[in-house]
Amino acid sequence: MTGEVEPPRVDSPQILVVEDDAELRAMLERLLQDSGYAVDVAGDGQAGLHLALTRSYDVLLVDRGLPAIDGLDLLRRLRRRGIATPALFLTAYGELSDRVAGLDAGAEDYVVKPFEVDELLARLRALRRRHLATATVLTLGSGELDVASRAVRLADGTEVVLSAREMALLHALAVRPNRVFSRDELRELVFEAAESASIVDTYVHYLRRKLGSGVVRTVWGLGYRAGTL
Ligand code: CA
């Protein structure tokens with residue numbers, strides 16, 4: 001008998017953890033997996049750099065003090081190569097200059113060790129949300145999203161202006177065009193905590209009305225992914 005075809009599934013948010021302390025690394029891996037992340041780990045800066053350059057992640061968690069290539073240098077190298085994945089630094093207690101240097105190097109936020117697990121998870125969520133709010137221009141199929149001005153430029157030169165929430169939703173999908181997002185994850189990334197996941201469906205409907213039915217693809221029973229303009 002042939003094996004069953006594996007059904008398509010929602011992709012978990014992907015995180016890279018770069019931490020040289022083996023015990024902490026294993027703890028973070030378990031914790032993040034339990035929280036719904038797909039986790040890659042690296043034990044030094046060189047391995048972390050290699051993974052970050054060759055795979056695509058939703059968020060990076062990088063220890064400041066690392067062998068081979070330290071955390072600061074790792075972030076700088078990634079930013080120089082145009083990799084803008086949001087990054088959270090882990091830094092030792094009380095080292096203010098470390099934190100400032102980390103932010104200068106391209107980390108968006110830091111957590112001081114020892115940290116509370118809930119705080120770390122909340123910071124990761126906040127970081128991903130904030131990252132989506134930063135000004136940028138993205139391509140989607142033959143069109144372009146200008147996130148700051150909320151304008152979508154189509155291949156024929158037409159411009160369609162979206163509401164802030166419409167743009168936030170389309171941006172969230174377009175940043176990772178090959179990923180299937182659950183409605184819950186999109187609600188968490190784009191809308192307020194108090195809203196139900198059906199608000200995602202409502203805004204997908206708005207986007208399709210403005211930009212055509214192909215702009216967002218429904219993955220039945222799972223959620224949504226970016227389509228094309
Ligand atoms: Ca370390």
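Counting starts at 1 for both ligands and their atoms, in listed order.
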Measuring to the Ca ion (ligand 1), does G65 have an N/O/S atom at a distance below 3.0 Å? yes
Modelled atom types, side-chain donor and acceptor of D184 and S182, under 3.5 Å: no
Answer yes or no for D20: is there an N/O/S atom below the 3.0 Å cut-off from the Ca ion (ligand 1)? yes
Before accepting this row, confirm whether a basic side-chain N of the pair E166/K210 lies closer than 4.0 Å to the acidic partner's carboxylate O. yes
Output the atom name for the N/O/S atom of D63 with the smallest distance to the Ca ion (ligand 1). OD2
N/O/S from D21 sitting under 3.0 Å away from the Ca ion (ligand 1): no
Is E29 salt-bridged to R25, going by a charged N under 4.0 Å from an acidic O? no
Quick one about D40 and Y57 (side-chain donor to acceptor, distance below 3.5 Å, no hydrogens or angles considered), yes or no? yes
